There are 2 protein chains.
Amino acid sequence: MKERKPTSFDIAYRAGVSQATVSRALSDSPLVNEETRRRVKDIARELNYKVDKNARNLRSQKTKTIALLLNEDHGTGDSLINPFFLSMVASIIRASANRNYDLLVSFQQFSDDWHADYEDANRADGIIFLGYGDYTTYVKKLTHLDEQDAHYITWGPVLPGQPGVSIGCDNFNGARKAVEHLLTLGHKRIAFVGGISDGSPEFKRRYEGYSEALRAAGIEVDPALQMDAETSEDAGYQAALVLRERGAAFDAVLGASDLIAIGVMKALEEAGVHIPNDVAVMGFDDIPISAYTYPPLSTVQQNTRQAGELLVENLLKLMEGEKVESFLIPADLVIRGSCGGRPLSQH
Amino acid sequence: MKERKPTSFDIAYRAGVSQATVSRALSDSPLVNEETRRRVKDIARELNYKVDKNARNLRSQKTKTIALLLNEDHGTGDSLINPFFLSMVASIIRASANRNYDLLVSFQQFSDDWHADYEDANRADGIIFLGYGDYTTYVKKLTHLDEQDAHYITWGPVLPGQPGVSIGCDNFNGARKAVEHLLTLGHKRIAFVGGISDGSPEFKRRYEGYSEALRAAGIEVDPALQMDAETSEDAGYQAALVLRERGAAFDAVLGASDLIAIGVMKALEEAGVHIPNDVAVMGFDDIPISAYTYPPLSTVQQNTRQAGELLVENLLKLMEGEKVESFLIPADLVIRGSCGGRPLSQH
DNA sequence: CGAGCCATAATTATCGATAACAACCGAGCC
DNA sequence: GGCTCGGTTGTTATCGATAATTATGGCTCG
């Protein structure tokens, strides 16, 4: 019971073959006789033998493992992870499991330390980056990785000059479609709540899509209708309060994320504004919560399932030396009750 | 740029010392001179050297890694992961990161294969089990792990005869408290929706807590007020429909999970039953969604944050040979609108 | 002045697999 | 009969670190 873990030598001894043959037999090498293979495998199973991954990885210099590095936007050790991120994580876990790759998950919270960043490089064959703290240091990191030609892929927007391959959501067209839908419903004064000045390229793209849709409809983009907010319910709530204080009239709001939109809805409701009759609200992300709010939040869906698949699939391609292009996943509208396009009770 | 990754030999060469000294210097061994250490470290940083984890692990037989094995209850490859599980995963990711342990996450979907189960044993120093497919094969697995004295800890209920250490939620008292609260609010005919016949020990414990509270109040437990349901919104929805068809009158419902409770609320609302005025509803878990439903769902909170911490902390203790006792985390009520104990708009 | 000791560093063995290379053996061929 | 050849298997080198062992040089001290 307390005996040491069996090694390939133990099997070799019992099977009366060399250790190398054991290794070959277990990895289904065509070089080994069928009968021998069976015997070796039987003994292996009997001894409950399992190859030592460290030894294998060391020798073969492959790990069959990918690392997922989460970069929290805010260093709030206490807060929960953004639900959208969680969906992504789940999807990536599943996608890599499907491909028989192990997944090493970790936070990138101590990223000031140059060292720790690449620790994982030796533990995994490739890296998926989810989120970035400060965008510029993020790019610096990626550049560095590029120089050592590491294999990695990122989730998020692709800005000119950003190295590497990225899978992202079509933020621009997603937001554009959302605004077009609001316009179709007859809204003219549409506010945008989400920070566009700080380092978040996604929100900026969404704002551009928002602006584009307005301009295309001949409506001037009014800066007074834009409020900065980071992606949290509270930020959305506060932003909505300020927006109302400003006195700028608006009949619809596009939140740069669902959490923001939910905060906005809460603030408006508390102020006696009816959604969607007085003000229509749409979000962005389609986090699980959004289907259950009251009214259910209309939003722009980021397909996390597809995203996870693509991230893993393309990372594996990169690891095999294939050329891979960055790709934007189209964003589809999910119309629920909060924009008045559908009955309230649906989700 | 395309040069091979630097090894400790490269550093040794440049520093004019032996390779072993490099290893010691980098691991802050007291055996090496301060000046030498600095020189070695400088060169290491300059070359962007990172120890090869595989080599280190192979030699030292430790991995500084724990594995998280997710066992999905239903093999539905397509469905999303139970939100409660996701919260647990997030919490465990964070807890292990805090302790500087790497975390290997994977699904245990192909668990019919005896082999794959222990693959991770060589890749990690300990295992956390989250969820179990079939309870009996689950126990068999654990027993097997015990025999090889592997280090592992499980999340979930502890049944007599189950090996190993477990952290779980106090399902019994959680449900009891919920029912007591409903009784306090004046409800007498309280239904319980959740499967108690299939292999889910948690739901069974919750049902026992439910029964206990009723009996303590002198109310007979009516089997007609219990409906089986697995943990999904749809199952809750269906169960509520059947419950109403049965014609058994009830003025409150305790869902065995939040998802179930949410499904129940939906069914009741659609039938024109007002919540909480006509029927009070409570759930169990406190998943993020629950704060946002309409009305916001009162529920029994499982503290996932604490759970993750305890799982990791105790697993590390086990790995160090300490004796660890199984532990039940107390479950607290979160009163929101759905049971009528508080105003509707709060969350 | 040589034995003994401390601080430091270099050598060597080791972890457990896979890869490369060499060896064996019976069959077929000239 | 000797020789090549394909199918199998055994031998040896190797991955890159850490642990154990040994060596060195300066100092103390009897």
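Here is how names work: the chains are called A, B, and so on, in the same order as the sequence lines, proteins then strands, and each is numbered from 1. Just so we're clear, the structure is a prediction, and the values are computed from it rather than from any experiment. Just the heavy atoms: all of them, side chains too, but no hydrogens, waters or symmetry mates, feed the values below.
- Across the protein-nucleic acid pair, B:Phe9 atom CZ and D:dT14 atom P stand 12 Å apart, rounded to whole Å.
- For the pair A:Tyr13 OH and D:dG10 P, the interatomic distance rounds to 15 Å; values are reported in whole Å.
- Between the NZ atom of A:Lys62 and the P atom of C:dG16 there is a distance of 24 Å, rounded to whole Å.
- If B:Thr21 and B:Ala55 are placed on DNA chain C by their nearest nucleotide, the residue sitting closer to the 5' end is B:Thr21.
- Nucleotide D:dT14 holds its C1' atom 16 Å from the CG atom of A:Asp52, rounded to whole Å.
- Between A:Arg37 and A:Asp28, at least one side-chain N (NZ, or NE/NH1/NH2) sits under 4.0 Å from a carboxylate O, which counts as a salt bridge.
- Residue A:Ser18 places no side-chain N or O under 4.0 Å from the OP1 or OP2 atom of D:dT9.
- If you find the closest nucleotide of DNA chain D to B:Arg24 and to B:Leu58, the one lying nearer the 5' end belongs to B:Leu58.
- Side-chain atoms of B:Tyr49 lie closest to D:dA17 of the nucleotides D:dA19, D:dT9, D:dA17.
- Distance, A:Leu31 CG to C:dC24 P: 18 Å, rounded to whole Å.
- In summary, A:Arg123 and B:Asp102 engage in a salt bridge, as defined by a charged side-chain N under 4.0 Å from a carboxylate O.
- In terms of position on DNA chain D, the residue among A:Gln19 and A:Asn33 whose nearest nucleotide sits closer to the 5' end is A:Asn33.
- Between the NZ atom of A:Lys64 and the P atom of C:dA17 there is a distance of 19 Å, given to the nearest Å.
- Atom C1' of nucleotide D:dT9 and atom CZ of A:Arg39 are separated by 12 Å, given to the nearest angstrom.
- A salt bridge does not link B:Glu34 to B:Arg38: none of the charged nitrogens lies less than 4.0 Å from a carboxylate oxygen.
- Among the nucleotides D:dA19, C:dC15, D:dC15, the one closest to the side chain of A:Gln61 is D:dC15.
- A salt bridge does not link B:Glu46 with B:Lys41: none of the charged nitrogens is closer than 4.0 Å to a carboxylate oxygen.
- Between A:Arg45 and A:Asp42, at least one side-chain N (NZ, or NE/NH1/NH2) sits under 4.0 Å from a carboxylate O, which counts as a salt bridge.
- Across the protein-nucleic acid pair, A:Arg123 atom CZ and D:dG16 atom C1' stand 15 Å apart, rounded to whole Å.
- Comparing B:Arg59 and B:Thr36, the nucleotide of DNA chain C nearest to each residue sits closer to the 5' end for B:Thr36.
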